Amino acid sequence: VRWRAVAALAAAAAEGGEEQEEGRREAKVAQPRRPAVAVAAAAVAAGGGTGAEAVRDLEDFGEEATRPERLGIGEVLQHWLGKKPSQKLKPQAGGCGCSSGAQDSESYLPGKQKVYVRTYGCPHNASDGEYMMGQLRDYGYTLVDSMEDCDACVINSCTVKHPSETRAMNMVTNAQQAGKQVVLAGCVPSSDKKLAESLEGVSMLDVTQLDRIVDVVEESLKGNTVKLLQKRKEAIPDIFLLSDIICGFPSESREDWEATMALVRKYRFQGLHVSQFYARPGTAAARMKPLKSNIIKDRWRECTDETNAYNRNEGLEGRIERVWFSATEEERGQTIGRTKAFAKVLITRDDTLLGRSATVKLGKSCKLHVEGKVVGDVQ
């Protein structure tokens, strides 16, 4: 109803004062068979009519009224009066740059549009793309399989290989030319700030801001340009860190090795695979002068001893955690599970828990696992 009234108002304004005056006079006369849009125009032009009165007039016609394409107020002005809405960039709080769109927010229903998500690049990027699609779908947006069918196009870019980056940027251009609202996510806006500043009318978000994809798409569909390019840094408690360290690369200096050991001591990795360097034939490293074998072995031993010197699970003792069970240790009669942070938990064997989770009181620990006892809430 609202968009009809707005469209009719714009049309009346374009026709001039005489038509508006005529509309005021006609609004006072009952004409039950007039077209619905004409009634709305007369009611709005009269100045005394409210939105509720317009609704009552339109309801009188039932399904006789023809529903035109939904337009925001900016599109109405552009269509009827030949005026284009302004798009000036305005900085927003929190590092967000938003250009002010001219659409009437009241004529916009969030979560009802169609969104096309296109991902380029590595498996990690594919995972990010699936995450964003899930967020958009859960909010109510309809996911479509082509740019032609969408209202907004989300492009999840990658910079690992130049062809992938080029294809992503070409799609940005094609989507803009097709009149779609464009959101550029992924590695390109995160790594190339000059490019981010040069693109006009394209919303962007850093890879650390992907959880805000719904907000960015919603604002983009309103006609705003949003740029969330600042890095989000948050602590993750009890994060389970695994890593690999190769000791004795040909160019590894004593200072390099000390820096490696400082990292190991600082983060106390829950899992660390330590190996000695061996050159692969045909590689650049194979042509470099190797370190002496005793230096390589000494560094390997130093790192291995450091990782075996501490109990990485000691902080879990006495805690109650939810544990997901997935395997059985036949010889020791134990069921194996993992906490949310991936710490290994062993309990007395109970095959009914396989594929399920339960709250567990954690007890004695060692550097490889922690023993526990189920206290309830099996799911």
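All values derive from a computational prediction rather than experimental measurement. Residues take their numbers from the sequence shown, with the count starting at 1.
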Please say whether more than 12 non-hydrogen atoms of neighbouring residues, nucleotides or ligands are located less than 6.0 Å from [atom1] in [X].
X    : atom1 : answer
W300 : CH2   : no
K367 : NZ    : yes
D145 : CG    : no
E200 : CD    : no
I295 : CD1   : yes
Y310 : OH    : yes

In terms of hydrophobic clustering (I, L, V, M, F, W, Y; side-chain heavy atoms under 4.5 Å; direct or indirect links), are [X] and [Y] co-clustered?
X    : Y    : result
V207 : L229 : no
I336 : L353 : no
V370 : L368 : no
V183 : Y131 : yes
I155 : L199 : yes

With a 4.0 Å cut-off on N to O distance, would you call [X] and [Y] a salt bridge?
X    : Y    : result
R299 : E302 : no
D256 : R254 : no
R349 : E330 : yes

Which atom pair, heavy atoms only, marks the closest approach of [X] to [Y]?
X    : Y    : value
V214 : Q135 : CG2-O, 3.6 Å
A343 : L316 : CB-CD1, 3.5 Å
Y116 : V144 : CD1-O, 3.2 Å
S190 : L205 : OG-O, 4.5 Å
Q209 : L228 : CG-O, 4.0 Å
T304 : T307 : O-OG1, 2.8 Å

Judged by atom type as modelled, is there a donor-acceptor pair below 3.5 Å linking the side chain of [X] to the main-chain atoms of [Y]?
X    : Y    : value
N313 : C366 : yes
Q270 : F342 : no
S157 : A168 : no
N156 : N125 : yes
T339 : V323 : no
K222 : V217 : no

Can you measure from [atom1] ([X]) to [atom2] ([Y]) and round to the nearest 0.5 angstrom?
X    : Y    : atom1 : atom2 : result
K340 : S357 : NZ    : OG    : 12.0 Å
C153 : M147 : SG    : CE    : 6.5 Å
M171 : L184 : CE    : CG    : 11.0 Å
F325 : T352 : CZ    : OG1   : 9.5 Å
I245 : L272 : CD1   : CG    : 4.5 Å
E258 : S253 : CD    : OG    : 9.5 Å

Within the 4.5 Å heavy-atom criterion, are [X] and [Y] side-chain neighbours or not?
X    : Y    : result
M288 : F249 : yes
P250 : L291 : no
W257 : C247 : yes
P290 : F277 : no
E306 : M261 : yes

Face-on cation placement of R118 at Y120 ring, 6.0 Å and 45° thresholds: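 Checked: cation-pi criterion met.
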Worked verdict on R301 versus D305 for side-chain contact (heavy atoms from CB on, under 4.5 Å): CA-CA 6 Å; R301 188 176 296 108; D305 290 345; 3.6 Å; yes
Check against side-chain contact (heavy atoms from CB on, under 4.5 Å), V188 and M169: CA-CA 9 Å; V188 171; M169 297 312 301; 3.9 Å; yes
Audit row: C150, V115, side-chain contact (heavy atoms from CB on, under 4.5 Å) steps and yes/no: CA-CA 5 Å; C150 74; V115 181; 5.8 Å; no
Residue pair [X] / [Y], side-chain donor-acceptor N/O under 3.5 Å:
X    : Y    : answer
S365 : E314 : no
Q113 : D151 : no
S203 : S220 : yes
T359 : R322 : no
N170 : T173 : no

Test log, rule side-chain contact (heavy atoms from CB on, under 4.5 Å), inputs E321 and L362: CA-CA 7 Å; E321 296 275 345; L362 303 179; 3.7 Å; yes
